[in-house]
Visitor: 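If you scroll down you'll find the structure; I have some questions about it.
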2 protein chains.
Amino acid sequence: MLSIWTPTAVFDPSNPTASKKSRFQPLSRDGLVDRVANLLAEAIMAGRIRPGAPLSESAIARDMGVSRAPVREAARLLESSGLVEYRTNRGFFVQSVSSAALDNLYEFRIVIERAAIARLVATGAEETLPLLRGQLSELYRVADAGEDMVCQVEADMHFHRLICQGSGNPRFLTVFDQIANETKLGLILIGRLYDDAHRMAETHEPIIDAIAAGDTDAAVDAIDYHIGTARTLVCQQFRLLEDKSAP
Amino acid sequence: MLSIWTPTAVFDPSNPTASKKSRFQPLSRDGLVDRVANLLAEAIMAGRIRPGAPLSESAIARDMGVSRAPVREAARLLESSGLVEYRTNRGFFVQSVSSAALDNLYEFRIVIERAAIARLVATGAEETLPLLRGQLSELYRVADAGEDMVCQVEADMHFHRLICQGSGNPRFLTVFDQIANETKLGLILIGRLYDDAHRMAETHEPIIDAIAAGDTDAAVDAIDYHIGTARTLVCQQFRLLEDKSAP
DNA sequence: GGAATGTCGATTGTCGACAATTTCCTTGAC
DNA sequence: GTCAAGGAAATTGTCGACAATCGACATTCC
């Protein structure tokens, strides 16, 4: 599956100065389809195309200077990421989000991440723990530097992604990636989400502590509480948004 | 998302003799892509194309009498169902299955279905329960009639699908459909799976009983035990298969 | 002999054109 | 004025052709 988001606001532990083995950094072997998909995804997540809006293949192809074929394939790719929706003979539409759908999404995320973190702790988190700590500091950096919300959301989601990645069962990561984009879409729509981003970053500490302590139950409780809080907050905000736009 | 399997071996509660509302059964408004996808999926699940084998777009297009475009789109669709795998500039390949992947799959299914059945019981299963009972009788029928294995597997999977469907959170169903095909692929590969299909059908009874009793914990335990048993059985069988083909 | 390099056939990647379908606006009747 | 039928415009669906890329084999050079 395609990894949509651009790796900003993620902690990268690799040595940035000199590559030891090869003298050249491998140039991206992405096809046209992937590049189109990335551009489209970025436009959607940045809110430049509104949810529910139709995606005209011809228009996009014209704007990007390619033919319709790669655009169609890119759209199909984005469909499996939950970013766009396809209707036969009608074309592609930006996935529309509702508070009910968001609530379902968060409920599902809780199920996934509870299981993922339990497995992570059970199988030993030696490799993942430093990554999580690194991403936490990235969360603080983004918050304190006053970066824009897209950045904050991405940093937050990447933290949770690391948990799924470290679970040891790749299935958790696959499914997380699929639903992560939809969550981000919802968060972006709300616009200004966290009153205090620094305080928001802090709420990740108990999760790391529990993992470090090797306490499975505590870790599950921590993630449960963390996502549960976000769930009520986000859905509440989104319902406000819905009421305002359609009373 | 595309529903791949043809609805055989599923219990249909609607009146089979005369359709009440319309005098005509609605002719399928599926596009060419969906039909190609169904044909492909069927060929893969029936084992006519071996896992790991390349899918030549031109050959498929020629055989089906269509151009390559719908074949490509169909393959992309099947990719998100986990039936085929795509490699850039290499094309599509039938998803290859390993015992390790199967084990991961089952572990994940346990997570999903535990949550789904808990939600089902918690929110009331009045509508789902008769469907489950109907599908159970379908399981018995298929077993006692000595239907082929594909039929048995589909009947079994559909039972579990109903649980996800009845959970009330559509996300469970979406994800289940995605991973169900891969599971089926693995089961088909094993070939002869259940020594006693009737006895196998019986193991679904405790699940229904727990749901009917409204006992969430019992239901979760029942589904846990049921899938867990299948997991060890299937993975064991599959490992045998692996050892035989590559010692 | 062995590793690197060049060549070839086959397959995928992309394109522009045409057919089929949907949508929307016009037109007409009541 | 409302509603239905019809048709034009725009959009998607499908196609065949050509370019780009890959893997395998033959070739060359050490």
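Excluded from the calculations below are hydrogen atoms, water molecules and symmetry mates; all remaining heavy atoms, backbone and side chain alike, are included. Letters go in sequence order (proteins before strands), and every chain restarts at 1.
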Visitor: For nucleotides 5-16 of chain D, just jot down a letter per nucleotide in 5' to 3' order: B, S or -, based on protein non-hydrogen atoms under 4.0 Å.
Guide: -------BBSB-
Visitor: Flag the pair F93(B) / I49(B) as yes when at least one side-chain heavy-atom distance between them is below 4.5 Å, and no otherwise.
Guide: no
Visitor: Just how far, in rounded Å, is C1' of dT21(C) from CG of D34(B)?
Guide: 15 Å
Visitor: Quick one: do E138(A) and R141(A) make a salt bridge, cutoff under 4.0 Å?
Guide: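 Salt bridge flag = yes for R141(A) with E138(A).
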Visitor: So, using ring pair (Phe, Tyr, Trp, His ring centres under 6.0 Å) as the criterion, who are the partners of Y86(A) when residues are at least two apart?
Guide: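 Scan of Y86(A) (ring pair (Phe, Tyr, Trp, His ring centres under 6.0 Å), adjacent residues dropped) gives F92(A).
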Visitor: For residues 45-84 of chain B, which residue pairs qualify under ring pair (Phe, Tyr, Trp, His ring centres under 6.0 Å), counting only residues two or more places apart or in two chains?
Guide: none
Visitor: Please indicate whether R48(A) has more than 12 foreign heavy atoms, meaning atoms of other residues, nucleotides or ligands, lying under 6.0 Å from its CZ.
Guide: yes
